[in-house]
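One structure is given below, encoded as structure tokens.
Chain identifiers are assigned alphabetically (A, B, ...) following the order of the sequence lines, protein sequences preceding nucleic acid strands; residue numbering begins at 1 within each chain. All values below come from the heavy atoms of this structure, side chains included, with hydrogens, waters and symmetry mates left out.
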There are 2 protein chains.
Amino acid sequence: MAFEYEYPRAALTVDCVVFGIDEGDLKLMLIQRKLPPFKGKWALAGGFVRVDETTENAALRELEEETGLKNVFLEQLYTFSAIDRDPRERVVSVAYYALVRLSDHEVSAASDAQDAAWFEIDEHPKLAFDHQGIVDLAHERLKNTLRYRPIGFELLPERFTLSQLQHLYEVILDTTLDKRNFRRRVLKTGLVIETGEVQKDVAHRAAQLFSFDKELYQKLKKEGFNFEV
Amino acid sequence: MAFEYEYPRAALTVDCVVFGIDEGDLKLMLIQRKLPPFKGKWALAGGFVRVDETTENAALRELEEETGLKNVFLEQLYTFSAIDRDPRERVVSVAYYALVRLSDHEVSAASDAQDAAWFEIDEHPKLAFDHQGIVDLAHERLKNTLRYRPIGFELLPERFTLSQLQHLYEVILDTTLDKRNFRRRVLKTGLVIETGEVQKDVAHRAAQLFSFDKELYQKLKKEGFNFEV
DNA sequence: TAAGGATAGTGTAGATTATACACTGAGTCA
DNA sequence: TGACTCAGTGTATAATCTACACTATCCTTA
């Protein structure tokens with residue numbers, strides 16, 4: 001069944017704000033555009049949505065095509081629809097954001113992108129389109145989400161030290177935290193478990209390695225994370 | 001400048017979940033569809049986005065056309081893109097939600113809608129398309145937002161009693177609250193101010209009427225509402 | 001006009017949680 | 001072996017949350 005008359009169609013795209021953590025530093029994945037407009041400029045990974053895929057699938061597909069990133073957990077951020085946000089014609093874009101461990105994700109430019117690379121969150125080239133606004137909103141959302149949910153765990157290596165976790169929080173929230181209070185609160189959630197192992201090859205006292213209780217995480221997720229870290 | 005080749009175009013719509021408060025009861029605005037598909041069924045107000053308007057403007061326009069509601073504060077909820085969510089063809093929809101005072105908003109069916117009316121939030125007809133899912137998500141979002149921000153004030157008459165405000169919170173959160181603790185917390189925010197007036201024509205002791213400090217609200221809004229009510 | 005019904009309005013004690021704060025321990029390296 | 005680096009730990013105070021029950025005021029109606 002088709003429409004009785006033709007409605008206007010919008011060009012629909014997706015954009016992906018991918019945050020990465022590298023030893024506790026917050027990075028941002030960008031691609032260099034191979035085609036006009038903004039050819040050669042850095043931008044968010046993304047592209048057009050096909051008629052036989054959801055926006056989320058489009059985001060996953062574009063992310064893999066342009067950066068090589070796979071199996072990324074994407075969360076929908078916002079839909080941008082300013083009339084002149086694309087110089088070519090009217091383009092509406094659904095933005096997603098994601099958090100990945102940098103160590104798990106080597107990146108490789110492909111297809112539509114000349115290059116793909118990680119940048120420091122506060123020190124990256126000027127972005128094409130309205131992408132800076134999208135990044136800012138994603139960063140805000142990330143901060144707010146971190147305050148209410150234990151998302152930090154998804155960003156660290158399988159085994160991590162509590163100092164690494166704290167550093168992660170400090171970087172994302174752009175603040176400093178009290179070490180004792182932080183540890184107390186984190187341990188109280190029960191989401192981190194001692195592995196009995198310690199760091200190796202560090203030039204100081206080796207810290208204990210913890211891992212993340214994924215089962216408990218899933219359980220708490222269902223209940224809506226009614227606590228803070 | 002046009003695209004070098006034709007990208008697929010998606011039919012893009014908006015849907016509006018409008019919550020209303022009537023003496024502290026939470027209602028939902030629905031329209032009865034005049035056209036197929038789902039002709040005669042109840043659904044969210046909404047419709048197609050034109051190429052010369054943002055999704056937000058489309059939502060405002062459709063809301064006014066279909067229900068007569070004007071000057072509503074809409075907040076973007078989520079973009080739905082399941083492939084078969086519309087039986088006609090691929091339609092992506094950007095959903096918005098809003099909160100209005102029922103007393104301010106008489107509704108009137110118009111144009112695309114046969115009828116428009118308020119329903120109890122937990123007692124409304126089966127909805128067309130995937131609209132029930134949209135309503136559920138909006139209700140969840142509403143609850144979460146209420147926990148972190150003083151949105152309740154926008155929903156009551158200019159002058160309201162603290163019991164009305166509490167009732168509102170209880171209805172939205174679907175819980176009961178302790179009267180003394182609630183009052184203490186609300187007053188501590190400084191967002192409600194005594195008007196010196198009291199209720200009239202009530203069959204019991206008249207309650208004091210409060211109003212809402214809009215200036216302070218704007219100020220706190222800029223700072224990100226780092227408190228709870 | 002007195003009694004009853006309805007909602008308004010108020011305080012406190014105890015438990016829990018948040019915050020501020022500084023030193024010792026263990027390992028590496030020169 | 002001394003210096004450096006980060007790991008790891010406890011407590012006291014303040015702030016906040018929670019649970020809880022009675023009196024006050026106004027209207028209604030018998």
For atom [atom1] of [X] and atom [atom2] of [N], their distance in whole Å:
X: B:Leu165; N: C:dT7; atom1: CG; atom2: P; answer: 18 Å
X: A:His167; N: D:dC6; atom1: NE2; atom2: P; answer: 11 Å
X: A:Leu187; N: C:dT17; atom1: CG; atom2: P; answer: 15 Å
X: A:Lys200; N: C:dG27; atom1: NZ; atom2: P; answer: 13 Å
X: A:Leu177; N: C:dC21; atom1: CG; atom2: C1'; answer: 15 Å
X: B:Glu170; N: C:dT7; atom1: CD; atom2: C1'; answer: 14 Å

Problem - Residue pairs, two or more places apart or on separate chains, that pass side chain to side chain donor-acceptor pair (under 3.5 Å) and touch residues 119-134 of chain B - result: B:Asp15-B:His131, B:Lys27-B:Glu120, B:Arg85-B:Asp130, B:His124-B:Gln132, B:Gln132-B:Asp136
Exercise for the section: Kindly write out the residues that satisfy ring-ring contact (aromatic ring centres under 6.0 Å, His included) with B:Phe210, not counting sequence neighbours, or none if the list is empty. Expected result: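 Checked B:Phe210 against ring-ring contact (aromatic ring centres under 6.0 Å, His included); zero matches.
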Handout entry: Partners meeting side-chain hydrogen bond (donor to acceptor under 3.5 Å, both in side chains) with A:Glu170 (sequence neighbours left out)
Key = A:Gln166
Problem - With B:Arg180 via side-chain contact (heavy atoms from CB on, under 4.5 Å) - residues at least two apart - result: B:Asp178
Practice task
Under the side-chain contact (heavy atoms from CB on, under 4.5 Å) rule, collect the residues that match up with B:Leu74, sequence neighbours excluded.
Solution key: B:Ala59, B:Leu60, B:Leu63, B:Val72, B:Tyr96, B:Ala98
Exercise for the section: Quick one, give me the B/S/- string for nucleotides 8-15 of chain C, reading 5' to 3', where B means a protein heavy atom under 4.0 Å from the base and S means that only happens at the primed atoms, P, OP1 or OP2. Expected result: BBBBB---
